[in-house]
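Take a look at the structure below.
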Amino acid sequence: MSLLDLSEQEILRRESLKEMQAMGIDPYPAAEYVVTDYSTNIKSEFSDDAPRKEVSVAGRIMSRRIMGKASFLELQDSKGRIQVYISRDDLCPDENKDMYNVVFKKLLDIGDFVGINGYVFRTQMGEISVHAAKMTVLGKSLRPLPIVKYKDGVAYDKFEDPELRYRQRYVDLLVNDGIKEKFLKRATIIRTLRSILDEAGYTEVETPILQSIAGGATARPFITHFNALDQDMYMRIATELYLKRLIVGGFEGVYEIGKNFRNEGMDRTHNPEFTCIELYVQYKDYNWMMNFTEKMLERICIAVNGKPEVKVGDNVISYKAPFPRVPILDAIKEKSGFDCEGKSEEEIREFCKSKGMDVDETMGRGKLIDELFGEFAEGSYIQPTFIIDYPVEMSPLTKMHRSKAGLTERFELMVNGKELANAYSELNDPLDQEQRFVDQMKLADKGDDEAMVIDQDFLRALQYGMPPTSGIGMGIDRLVMVMTGELAIQEVLLFPQMKPEKVQTKDPVSKYTALGIAEEWVPVIQKAGVLTVEQMKEVNPNKFQQDICGLNKKFNLGLSNPTKEEVAEWISKI
RNA sequence: GACUCAGUAGCUCAGCUGGUAGAGCAACAGACUCUUAAUCUGUGGGUCCAGGGUUCGAUCCCCUGCUGGGUCACCA
């Protein structure tokens, strides 16, 4: 990288780095730096009456207030910030004041890592601080950090451009208050979930992500290629079919927490890769699963928020069990006034059309009912609600209802107007399952590109016999959203999917030297905006010559300027 | 994918009917021994997203593209 590619501030930081090295200070030392205390415990354990406490802390310099021979800096460690007081003569008790005057005041910058040895005290303004006796450079930062300041809860110069925040999450985590806490909460949610399932005696397992049949859900998969077999593979869209194979294999209960991949859109509630938990337990049914789920969510909410409620947008959501159970056809009837019970596919389609909904001939009865629910009911279930007893057409892996014809033992859990979980009494009749797959194929032939394909090995497993089983799948990212009150999935994913950053292509140096251009002029030419020799054809030779000579002068490069004739000759050779 | 809004200094943002740009913070030089959005004085810093077009002249107007936000569609 040429100096010309860097901003003024980046060049200065690199010069400071070199100067430090010239003074014998390693800006990136290898040795362990022993930390005795964190910002948080220093403040919580401080007592004005106690004897002086010596501490060793380390972190990033996040602000500096320099006043001649004394300075304050804010050090940010993994838990928070602590103020450090540096007095020149305490840091440098002998004649040589370089550590303060040169290293600290000139060569260190906001964003650099330092270790501080000293004692804890309270300043005249009342802030608990560390009085520095020794400072160790632990890491130099070469890029200036956005400076976000807070006073009385108001943020100044916020770093809030979503593109920059998501692409450079490390910066977001560093400078914005509360971001790291959000991800600590996410970790708490997953940890609590895992302990609940482990305590219940279920086994955490891992199943293939690369699959030759992407089954277990209706979604478009990502396709990838396996070179050794010269065969396309799919990224999984669900873990369901593999986990049920394990129930066939005799586990009491199995669960997997992992990523699924769906080749669909991206928006505030969808990311192409997202984390799911799926759980399958033998000898249970969907009623048991509802009871288990509502207790689990109540416990998770308390673990994260200290109480079974959380504010999401304008709503306060209560996870206090039990949650209401509403049959889907009742929900549609209540919200739309239309009773699907006993109606034919054609009658339902006509009703949808009369309401101006975008439906077509490829949609079967199940899909139409699903559309009706989405149109009229889904958004209105803010408080956790189990929507139960879905039509068989939209539930190819679900056991038929024990008493209601045409319906299945399935529930979806709605929270804040969105689906959070989906669960069934699992279909374990292998012949019925085969027929359901065949029906799905018919839907696929009709044009439904999300209908399921037949997984023969899964059918073979069912034919060996699967005990009655209840299973559930839950989106962890959405769970985190409704447990922390976030409205965008990007806010609960550390690295949400973004389009790749565009990199400008530059020609290699050799293509320029082939025209008789000296190597040291190449970065200058590229700085002038001519990134490829091809682009040089387009330029006005006189203006171009002035531009690059101007850059030579401006950046003090000390190169000998080419004449107009020489520049014209370069261009003529292209 | 459609519509819509936006892209200006490292960050947050101004910029008048079109005359090649400003502020605060950050940076640099200096003053200051308990400050805390430190303050004070001075200085430097820009491909105004990119490429075309209109014009004597474009950050500004028009077209195309790129990137992002919002809304809708798709997607349980």
Side-chain angles (χ1 to χ4, degrees), chain A residues 6-13 15-16 62-74 81 83-90 100 105-106 109-111 121-127 129 131 141-152 154-167 171 175-176 217-220 237-238 262-272 274 328 358 366-367 369-371 373-374 378 387 390 394-395 410 412-414 418-422 449-450 473 475 478 488 490 498-502 504 526-531 535 538 547 554:
Chain A
L6 301 173
S7 71
E8 180 197 24
Q9 293 194 38
E10 289 173 293
I11 293 167
L12 280 163
R13 282 173 182 239
E15 282 168 0
S16 297
M62 294 306 282
S63 80
R64 295 192 297 170
R65 293 181 283 276
I66 298 175
M67 302 151 295
K69 287 177 236 164
S71 296
F72 289 92
L73 61 91
E74 271 183 279
R81 289 188 184 184
Q83 179 170 270
V84 174
Y85 174 73
I86 300 182
S87 115
R88 185 191 70 187
D89 296 327
D90 290 339
Y100 183 81
K105 277 171 71 172
K106 296 184 67 169
D109 291 292
I110 289 175
F121 76 115
R122 188 189 289 279
T123 66
Q124 286 177 11
M125 299 299 289
E127 180 154 346
S129 309
H131 189 123
S141 158
L142 295 183
R143 283 178 186 262
L145 230 36
I147 310 293
V148 182
K149 295 178 176 178
Y150 294 91
K151 188 187 185 180
D152 303 329
V154 183
Y156 296 82
D157 299 329
K158 275 192 287 196
F159 177 68
E160 59 185 354
D161 179 341
E163 175 172 13
L164 290 172
R165 286 187 50 227
Y166 301 153
R167 278 197 201 283
V171 175
V175 304
N176 285 332
T218 50
R220 276 179 282 262
I237 56 175
R262 296 190 182 176
N263 207 340
E264 291 160 356
M266 277 191 283
D267 60 29
R268 287 191 324 290
T269 53
H270 296 84
N271 195 61
F274 59 101
I328 185 170
D358 187 18
K367 182 93 177 165
I369 288 173
D370 193 31
E371 293 287 323
F373 181 76
E378 183 173 15
I387 302 297
Y390 283 66
M394 53 195 289
S395 312
R410 170 179 179 184
E412 288 194 359
L413 173 61
M414 312 300 302
K418 278 275 171 194
E419 176 199 345
L420 180 61
N422 183 15
D449 57 359
E450 294 184 342
R478 287 190 187 173
Q490 286 76 16
M498 309 277 286
K499 287 195 195 172
E501 276 181 275
K502 193 178 59 178
Q504 285 185 311
Q526 293 185 331
K527 174 79 174 177
V530 179
L531 300 178
Q535 288 169 8
E538 316 294 324
D547 281 353
K554 181 174 166 187

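So you know, we letter chains A, B, ... as the sequences are listed, proteins then strands, and number each from 1.
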Inset, instruction - Go ahead and name the base partner of B:A6; Watson-Crick or wobble counts if both distances stay under 3.5 Å, otherwise write none. - result: B:U67
Inset, instruction - For nucleotides B:A73 and B:U54, find the distance between their C1' atoms and express it as a whole number of Å. - result: 37 Å
Legend entry - Closest-nucleotide ordering on RNA chain B, the 5'-leading residue of A:L12 and A:P146: A:P146
Inset, instruction - Scan every strand shown for a Watson-Crick or G-U wobble partner of B:U36, both distances under 3.5 Å, and answer none if you come up empty. - result: none
Could you go over nucleotides 33-44 of chain B and give all protein N or O partners under 3.5 Å, atom names and distances?
{"residue": "B:U33", "atom": "O2", "partner": "A:Y85", "partner atom": "OH", "Å": "3.2"}
{"residue": "B:C34", "atom": "O2'", "partner": "A:Q124", "partner atom": "OE1", "Å": "2.1"}
{"residue": "B:C34", "atom": "O2'", "partner": "A:Q124", "partner atom": "NE2", "Å": "3.2"}
{"residue": "B:C34", "atom": "O2", "partner": "A:Q124", "partner atom": "N", "Å": "2.6"}
{"residue": "B:U35", "atom": "O2", "partner": "A:R65", "partner atom": "NE", "Å": "2.6"}
{"residue": "B:U35", "atom": "O2", "partner": "A:R65", "partner atom": "NH2", "Å": "3.2"}
{"residue": "B:U35", "atom": "N3", "partner": "A:Q83", "partner atom": "OE1", "Å": "2.9"}
{"residue": "B:U35", "atom": "N3", "partner": "A:Q83", "partner atom": "NE2", "Å": "2.9"}
{"residue": "B:U35", "atom": "O4", "partner": "A:Q83", "partner atom": "NE2", "Å": "2.5"}
{"residue": "B:U35", "atom": "O4", "partner": "A:T123", "partner atom": "OG1", "Å": "2.7"}
{"residue": "B:U36", "atom": "O4'", "partner": "A:R65", "partner atom": "NE", "Å": "3.2"}
{"residue": "B:U36", "atom": "O2", "partner": "A:Q83", "partner atom": "OE1", "Å": "3.3"}
{"residue": "B:U36", "atom": "O2", "partner": "A:E127", "partner atom": "OE1", "Å": "2.9"}
{"residue": "B:U36", "atom": "N3", "partner": "A:E127", "partner atom": "OE1", "Å": "2.6"}
{"residue": "B:A37", "atom": "OP1", "partner": "A:K151", "partner atom": "NZ", "Å": "3.1"}
{"residue": "B:A38", "atom": "OP1", "partner": "A:K149", "partner atom": "NZ", "Å": "3.0"}
{"residue": "B:A38", "atom": "OP2", "partner": "A:R65", "partner atom": "NH1", "Å": "2.8"}
{"residue": "B:A38", "atom": "N6", "partner": "A:I66", "partner atom": "O", "Å": "2.8"}
{"residue": "B:G44", "atom": "N2", "partner": "A:E8", "partner atom": "OE1", "Å": "2.9"}

Legend entry - Same-atom distance (C1') from B:G24 to B:A37, integer angstrom: 11 Å
Inset, instruction - Determine the interatomic distance between C1' on B:A9 and the same-named atom on B:C25; round to the nearest Å. - result: 12 Å
Inset, instruction - May I ask you to say what A:R410 touches in the nucleic acid, namely base, sugar-phosphate or nothing, with a heavy-atom cut-off under 4.0 Å? - result: base
Legend entry - Distance in Å, A:Y390 OH paired with A:I328 CD1, rounded so as to fall on 0.5 Å steps: 4.5 Å
Legend entry - Reported NZ-to-CZ distance for the pair A:K105 and A:R88, which is rounded to 0.5 angstrom: 8.0 Å
Inset, instruction - Tell me, with the steps shown, if A:R410 and A:E412 meet salt bridge (Lys or Arg N to Asp or Glu O under 4.0 Å). - result: CA-CA 7 Å; A:R410 170 179 179 184; A:E412 288 194 359; 2.9 Å; yes
Inset, instruction - Report the base-pairing partner of B:U59 (Watson-Crick or G-U wobble, both distances below 3.5 angstrom), or none. - result: none
Inset, instruction - Search all heavy atoms of A:L420 against all heavy atoms of A:R478 and return the closest pair with its distance. - result: CD1-C, 3.7 Å
Inset, instruction - Give a yes-or-no answer on whether the side chains of A:Y100 and A:S87 include a donor-acceptor pair shorter than 3.5 Å. - result: no
Inset, instruction - Look up atom CE in A:M394 and atom NZ in A:K367, then write down how far apart they are to the nearest 0.5 Å. - result: 9.0 Å
Inset, instruction - Could you measure between the two P atoms, the one in B:C63 and the one in B:A29, and give it in whole Å? - result: 48 Å
Inset, instruction - Report the distance from atom CZ of A:R13 to atom P of B:C28, rounded to the nearest whole Å. - result: 8 Å
Inset, instruction - Please report, rounded to the nearest Å, how far the P atom of B:C11 is from the CE atom of A:M62. - result: 15 Å
Legend entry - Partner nucleotide of B:G24 by Watson-Crick or wobble geometry (both distances under 3.5 Å): B:C11
Inset, instruction - Nearest 0.5 Å please: distance from the CZ atom of A:R220 over to the CD1 atom of A:I237. - result: 11.0 Å
Inset, instruction - Classify the nucleic acid contact of A:K106 as base, sugar-phosphate or nothing, counting any heavy atom under 4.0 Å across all strands shown. - result: sugar-phosphate
Inset, instruction - Any strand is fair game: report the nucleotide pairing with B:C16 by Watson-Crick or G-U wobble, both distances under 3.5 Å, or none. - result: none
Legend entry - Euclidean distance, A:Q490 CD relative to A:R268 CZ, rounded to 0.5 Å: 9.0 Å
Legend entry - Whole-Å distance separating the CD atom of A:E15 from the P atom of B:A29: 11 Å
Inset, instruction - Under a 3.5 Å limit for both distances, which nucleotide forms a Watson-Crick or G-U wobble pair with B:G44, could you say? - result: none
Inset, instruction - Rounded off to whole Å, could you give me the CG-to-P distance for the A:N176 and B:C11 pair? - result: 14 Å
Inset, instruction - Pick the P atom in B:C62 and in B:G22, then give their distance to the nearest Å. - result: 25 Å
Inset, instruction - Provide, to the nearest angstrom, the distance between the CE atom belonging to A:M266 and the C1' atom belonging to B:G69. - result: 13 Å
Legend entry - A:K367 vs B:C75: side-chain N/O to OP1/OP2 distance below 4.0 Å: yes
Inset, instruction - Considering only atom C1', compute the distance from B:U43 to B:C5 and round it to an integer number of Å. - result: 38 Å
Inset, instruction - Please work out which of the three classes, parallel, tilted or perpendicular, describes the rings of A:Y85 and A:F72, given edges at 30° and 60°. - result: tilted
Legend entry - Selected nucleotide, minimal atom distance to A:R220 side chain, candidates B:C75, B:A29, B:A27: B:C75
Legend entry - Distance between P atoms of B:A21 and B:U64 (Å, rounded): 29 Å
Inset, instruction - Grab the CD-C1' distance between A:E10 and B:C11 for me, whole Å please. - result: 13 Å
Inset, instruction - Determine the interatomic distance between P on B:U41 and the same-named atom on B:U12; round to the nearest Å. - result: 26 Å
Inset, instruction - Would you kindly give the CZ-to-C1' distance between A:R143 and B:A26, to the nearest whole Å? - result: 16 Å
Inset, instruction - Starting at atom CG of A:D370, determine the distance to atom P of B:C74, rounded to an integer number of angstrom. - result: 11 Å
Inset, instruction - Would you mind classifying the nucleic acid contact of A:R88 as base, sugar-phosphate or nothing, using non-hydrogen atoms under 4.0 angstrom? - result: nothing
Legend entry - Donor-acceptor pair present, A:D267 side chain and B:C74 base, under 3.5 Å: yes
